Every structure is written in C-alpha cells, then in structure tokens.
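This report concerns only the one structure given below.
Chain letters run A, B, ... following the sequence lines, proteins first, then strands; residues in each count from 1. None of the values given here were measured: they were computed from a predicted structure. Values below: every heavy atom of this structure, side chains too, minus hydrogens, waters and symmetry copies.
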Amino acid sequence: MTSPSEIRVPLWRDDRFWKIVFQVVVAAVVIGLLGIFISNLNQNMRRQGLVFSFSFLRNTASFGIGESLIPYSPNNSYIRAILVGVINALRVILVGFVLTTLLGVLAGVASFSNNWLVRKLSQVYVEIVRNTPLLLQLIFWYFPVFLRLPSPQNRLQLPGPIYASKTGIYLPWPAQGPMFWVWLAVLVGLAIAAWLVLQQRTRAMVERAATGKPQLMVLIGIGVVALLVLTIAMNWQIPQSAEGSPQITGGLRLSLEYATILVGLVVYTGAFIAEIVRGGIESVSKGQWEAARSLGLKPGQAMQLVVFPQAMRVIIPPLNSQYMNLAKNSSLGLVIGYPEIFSVSSTTFNQTGRPVEVFILLMGIYLLINLVISVVMNTLNRSVQFKER
Amino acid sequence: MTATSPSTAPPLGNQSTPIVWLQKNLFNSWFNSILTLVLGGILAWALFNLVSWAFTEALWEVIPANLPLYFAGRYPASEYWRLWLILGLISALAGLSWGVLARNVSFLFTRGSLIVLGVLAVIGVLTPTPPVYRLLIVGLIVICAGTAWLGRELARRLPNMAQWVSLAWALSFFVVLWLLAGGLGLDQVSANNWGGLLLTLILSVVSIVLSFPLGVILALGRQSSLPVVRWLSTIYIELVRGVPLIAILFMGQVMIPLFLPEGARPDRVLRAIVGLTLFTAAYLAESVRGGLQAIPRGQVEAARSLGLNAPLTMGFIVLPQALKIAIPAIVGQFISLFQDTTLVSIVGLLELLGISRSIISNPEFLGRHVEVYLFIGVIYWVLCYAMSIGSRKIEEKLHTGH
C-alpha cells in the first residue's frame, strides 16, 4: 500500500499549488490596483483640501426641488434633499411597475389575438420601442408631446375626466383625510378576503369537484361592497375650474416631468415585458391549448385559466430584471428635470465637490432598491413554480 | 416585420378573396369587429394627422442643412476624405467577409440581397447631398458587391481565407483609429471634434471590442472553482449591474481623473468609453455565464480524459460552445450598448443625440424637435433593427446546425 506521502509530486506540477498561486496573484493585483487608485484619490483630495467624510450631508442644501411629497425647503439638509429624491424615484418606480406590467401583459397577450390588426399593432409597438434608445423616447415624450400641451385656459379634456395642460395633468382623486385611509384599509381587507375565498373555491372545485357556487356568491358580494366603497365612500374630487380660468382645483395634479418619466418608462419597459410574456406563452405546449379547447373553454378562458398560469413560471424570472431596469432607468429623470435620486445627488456633488462620497451613497441606495425588488420577485417566483411532492 | 403566425390562430387556409381574409382576420366575432373598428379609427386618425403634419407643418430643412453635423459632428470638412476612406475600407472588408461566408451559405447571394443592394444604391443617389457624395455612396456599394464576389472566388481557392479576413478586421480597427485621430503623417483631429453618428459608432464599436474580452474573463471568473477569483468577479458584476449607467458615466467623467496621478487627464471620449466598457462587461459576463452553464459536464469530463488541463479545456472545448450558445444574448447586449451611447450626451459629448440637441438650440432651427428627433430615431431604428434581424438569422443558422 502506498501512502500519499510516498508519491512525491513536485511542487510545480501540483494542481493545488498553482490554484493557490493564481488566487494569490489575482488578489495581489486587485488589491494593488485598488491601493494605487485610493492613494491617488487621497492625494488628489488632499490637494483640494478635502477629507473623506459624510458629515457634509448635514449642511444646508440651499437648492430648491421642483416637487416633493414631504415638506422640503432649501434650508433643509442634504440628507433631506436626497430623501426627497428617493421618495420621488419610488413614486415613479412603484406606479411604473403596476402600469408597465398591465401594458406588457396586454401587449404580450395581444400578439396571440385572432384579430390581425391587434396582432400587428402589438408587433409594431414592440419593434419600434425596442429598437430606439430610451433617452430619445423620453426626450420625445417631453419636448414634442407634453411641453406642447395647450395653456390652462384651453386645456385638453380627456375621458375620465382628465385634464391636460401646460401646468400638468389633472386626475380625479379621493379627498385626503383620515376617512380616506380607513376606506383604503377596508379595500385592502376586501381584496385579501376575496383572494382567500378564490383560493378556497379553486380548492373545492379541484379536490371535491364542488360547483363553487357559495364561494362565488361571497365573491360577488365582496365585489359589490368594494364597488360601493370605491364610488361613494372614497369622496372623489374631480378637477374643476371656472370656464376660461387658468386655475384648476380639486383632484390630483401630476407635473409634466413626472408624467413624462412615467409614460416614457412604462411604454419602454412594457415592450420588453410584452416580449417576455409572448415567450412565456409560446413555451406552453400546444397540447394544453387543445386540451383546454376540448374541455369546451373559449380561447380567452383557455388563456386565462390554463395557459397563462403555466406561462407565469417562465415569465417571472426575466421580469425581475425588467423591474430592476425600470428602477435604474428612472435615473434618466435628470434629463427632463424630474428631481429623483440621481438628479438630486448630482446637484449635491456639484455643490459640495464630493463625488466619491455621493457616489458611494448613490450606489448604496440603488443596490438596496434592487435587493428589495429581487427578494420580492424571488418570493413570487417560488409561489408559482412547480411544487413537486 | 416578421409575421409569426401564432399557434392559437386558426390556420390561414383559404385566402382566395380579400373579403374572406377580412372576415377571418378582422371581423370573426362581434367583439373583434368592434375592436377592429375602434383601433382602425384611432390608427387612421393618427396616420392622417402625422401625414398632414409631415407635408404641411413640418419644416424639414433642418435635416439637409445639418447633414454633415449629424454624421461627422465638428470633424473638419477638409479631412472628410479620411472618413470616406474608412467607409471604403469597411465596405471592402464587409464585402469580403460576405463573400467568404457566402461560399457555404447560399442565402447571401440570392436575388433578395441583390435587390437590397439595388435599393440602397437608389437611396444613395436620392440623398440630398452634393453630387460627389452621392457618387461616393454608390461607389461604396459597388466596392461592397465587388469584394463580395472577389471574396467568394478567393475563398474557393484558399481554404483558410476566413482566418485572413478576421485578421484583416482586427488590423483595420487600428488603421481606422489612425485615420480618425491622425498622427504619423496625418493632421491630428482632436477627439473633441468627433461627433454625430461617427462618435456614436466609435463609442459603440470600441466599447464592444474592449468589453467582450473583459466580459468573458468575468464570466469565467464567476464560474471558477477558485473562491477568491469567484468572489471578486461576483462582487464586480453585481455592483455594476446594480447601478444605473448614467451614474457610472457621470462618475467616470468626474472620478477617473481623481483616481489617476496628478496631471493625467484622459480626454472625455476615452472616459466615456471606459464607463461604457466597464458597464457592458458586467452584463456581457452574465450572458456568457448563461452559455457556460448550458454546456453539459460531459464535455469537460471528456476533455479531461483526453489529458487537457483546465485552461485548455476551457479555451478549446467549453468556451467556443458557450459563446456560440450566447450569441443572441451577446448581440442583444451590443444593441443595447449602441442605444445606451445616447447617454453620453448627458455628460456633454456630442454624439448623435447630443448633436441633435445642439442643433435644436440653434436659433435658426428653434422648436424643430419633432423633425430632428424623428430623423435620428429612424437612424437608430434602422441600425438596431438590422442588428436584431442579423442576430435572428445567426440564431436560426445555429439551430439547424445541431
């Protein structure tokens, strides 16, 4: 029997030795490069009389921000300014997620419509949007579209009733107040209840072959209550103005910058989501369609009940990166003057001359946002994947 | 537009009359009829408005008046011959590689591609430029077709012509840079004068060329069994992918001088290229990683059993297959890099979008947003769409190969 120590592998022919050497060399090169960069940075900063620290964030920002959901004035600190930027960005990102998902799923499903016009429109939309730069699209939405809106006197009325003019887009919106939050909580509660009942109904139908009628009644009841709450209790304010007067009161005003970045990002990301949805639906085998049809389901029902739930498994993972792209692309608000994180930070570092600290902060914020999106999407992903028992 | 006939649509069998077709595709149920009418109405209204705007309100002079700016930025007009020379070189090489490829693939030398060449020539003749330029454009197309024929004939005689063409491409990269920037006997043209489509193309091509090896190295690093290498690559990829490109470009402009010794200030184009390269490499690495993961373990084991060591296995067995699988994703990455070059206009470089914005701010052309942006939008669309069709063709070819 030969023990390992008897076969002497020379060091230069030992795989393990070279692996360690290689790693040490790589680490040394990276650390060396970082060291050179940081020492250069130190010297350059010292020459400008700066010391690496984040304390400047407590200084007065002394610049105005166009719009803000929390109270902010130029007397506030840089921290608060950046917080305003974060909130503004989240406002775009969260609303953008909902709208872009709706648009993307709609366009993706439309590419399977048996209506030739709908199919072609969906294809044309995807091809135009995916093959032109996002920045160009944003600029296009801003300058020729939103900035050309008429003056408040001859404002545009869209169905809804939504008004659009140079001063902003006006939507009907529930009146703010304590009752608004109560009713919102009621709505959320109803939605959760409806979801639970729906789960129970599916289970009853699948496992016990029940009709699911009682649950359906409950669902209809919930729907009616929710509709009542929505229409009556929410106290909708409709934007109004005296004839010919520039003032529009009531409702919700969206600034043109917000509307631009929102519309631009939604239209852009929607095209990518449409392609993901199309790929997901195509991945469901044809036999599923045929089986659904042989059960007597109409094409719309087959899509909704049989094909789409299966396509979700393919759709969700790439959706994650599209949401991250939307979040990151919200930084382009800078170009059209929407004060989101990046725009506020770039003003901050221009004023303070501290690009390194601001960049680290910015990177941290974006990484945090991405991490949250990723965690949420992975949880969602786990819930739609095959459960193998 | 490719008409992908969806799996759910009824088979398009009897299309004898337009009325039958309409009934089948537009009015097959009451819901679809309403949908068709509403959408068709909106579409007709939008098209009508667009056409009437284009022929009555729009002032298109802004395009021909600034054509040199769009294509070459502030490149000195007396040096335009260098740009034409570059275009000639590129079309000759493109034709040559087309010919070499066409030896094996028949679809390149078909009637369709000849028609495309003819249409391009007609467009070249019709472009509103001085007659000399129209002649030059037609000349480029003739060069392309001629070298394509030459390439096919040569490739039939010299079997390893493809390698020579690849080498010529690699060398041409440096020749083009020399012609652009000057030096070695030519007048220097500072990078600050590069602009328009020229700068867009330089930024994208140079960043693609540089980011490709970096991306492959990062992908290999992320898949490596060595923990230090794996962790460093993963950290780099995740950090870069987590941050918007505009932040990287901005900080590239501001921080690269800070990280370098005093006095070293690379010019702004170079800093933008560094930013784009570092950014794209991280995304590219993920595409290549996808390809690497798709290679079955058996390939590695077989290579090992032949006695190849780890680097050789990677270089000769795994990587070529992985890159082949990743081609569509890589091309997609390059398309988005090409579109992302627009962001350098934010840091003050005058590429296609930047030059358009500066043209609009010229008092003579104030408010001509729509015309200008539509024009460059069409340029971007044509180039990107061509790239995506090309990648789809490659993908189909690779699929049938198996």
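- In terms of heavy-atom pairs under 4.5 angstrom with chain B, the leader among A:Leu117, A:Val24, A:Ile281 is A:Leu117.
- The candidate from A:Ala27, A:Pro144, A:Ser330, A:Ala327 with the greatest count of non-hydrogen atom pairs under 4.5 Å with chain B is A:Pro144.
- Among B:Ile360, B:Leu258, B:Val228, B:Val378, the residue with the largest count of heavy-atom pairs under 4.5 Å with chain A is B:Leu258.
- The parts of A:Val356 that come within reach of chain B are both its backbone and its side chain, each placing non-hydrogen atoms under 4.5 angstrom from that chain.
- Between A:Phe143 and B:His369, the angle of the ring planes stays under 30°, which puts this pair in the parallel group of the 30/60° scheme.
- Around CZ of A:Arg47, the count of heavy atoms belonging to other residues, nucleotides or ligands within 6.0 Å exceeds 12.
- Of the listed residues (B:Cys384, B:Pro257, B:Pro244), the greatest number of heavy-atom pairs within a distance under 4.5 Å of chain A belongs to B:Pro244.
- Residue B:Ile346 touches chain A through its side chain alone, counting heavy-atom pairs closer than 4.5 Å.
- With a threshold of 4.5 angstrom between heavy atoms, A:Leu41 approaches chain B through its backbone and through its side chain.
- For B:Leu366, the CG atom is densely surrounded, since the number of other residues' heavy atoms within 6.0 Å is greater than 12.
- Figure legend: B:Arg241 and B:Tyr283 shown as a cation-pi pair, the cationic atom lying under 6.0 angstrom from the six-membered ring centre and within 45 degrees of its axis.
- Expressed to the nearest 0.5 Å, how far CG of A:Asn42 lies from CZ of A:Phe52 amounts to 10.0 Å.
- Looking only at distances, a side-chain donor or acceptor of B:Arg271 sits under 3.5 Å from a matching main-chain atom of B:Pro266.
- For the residue pair A:Tyr125 and A:Ala271, the shortest heavy atom distance occurs at OH-N, 3.1 Å.
- Residue A:Met324: no heavy atom, backbone or side chain, is found under 4.5 Å from chain B.
- Heavy atoms of A:Gln23 lying under 4.5 Å from chain B belong to its backbone as well as its side chain.
- Chosen from A:Val118, A:Ile128, A:Asn329, the residue pairing most often with chain B at heavy-atom distances under 4.5 Å is A:Ile128.
- Proximity to chain A is absent for every atom of B:Ser33, based on heavy atoms less than 4.5 angstrom apart.
- Contact count versus chain A (heavy atoms, under 4.5 Å) is highest, among B:Phe31, B:Phe259, B:Phe338, B:Tyr380, for B:Phe259.
- Using modelled atom types, no side-chain atom of A:Tyr323 and backbone atom of A:Ile93 make a donor-acceptor pair closer than 3.5 Å.
- Ranked by heavy-atom pairs under 4.5 Å with chain B, the list A:Ile38, A:Val26, A:Ile139 is led by A:Ile139.
- Both the backbone and the side chain of B:Ile246 have a heavy atom closer than 4.5 Å to some heavy atom of chain A.
- Residue B:Phe250 touches chain A through its side chain alone, counting heavy-atom pairs closer than 4.5 Å.
- Contacts between B:Pro227 and chain A at a heavy-atom distance below 4.5 Å involve backbone atoms as well as side-chain atoms.
- Proximity to chain A involves both the backbone and the side chain of B:Val370, based on heavy atoms less than 4.5 angstrom apart.
- Without hydrogens or angle criteria, A:Gln137 side chain to A:Gly264 main chain gives no donor-acceptor distance under 3.5 Å.
- Proximity to chain A (any heavy atom under 4.5 Å) is shown, for B:Leu245, by neither the backbone nor the side chain.
- Using a 4.5 Å cut-off between heavy atoms, A:Leu371 makes no contact with chain B at all.
- Heavy atoms of A:Leu121 lying under 4.5 Å from chain B belong exclusively to its side chain.
- Side-chain polar atoms of A:Asn115 and B:Thr36 form a donor-acceptor pair below 3.5 angstrom.
- Proximity to chain A is limited to the side chain of B:Leu353, based on heavy atoms less than 4.5 angstrom apart.
- Between B:Trp381 and B:Tyr385, the angle of the ring planes stays under 30°, which puts this pair in the parallel group of the 30/60° scheme.
- Looking at B:Ser224, neither its backbone nor its side chain comes within 4.5 Å of chain A, counting heavy atoms on both sides.
- Ion pair A:Arg293/A:Glu290 not flagged as a salt bridge, since none of the NZ, NE, NH1 or NH2 atoms sits closer than 4.0 Å to an Asp/Glu carboxylate oxygen.
- B:Ile376 has its side chain out of reach of B:Thr200: every pair of non-hydrogen atoms, C-beta onward, lies at least 4.5 Å apart.
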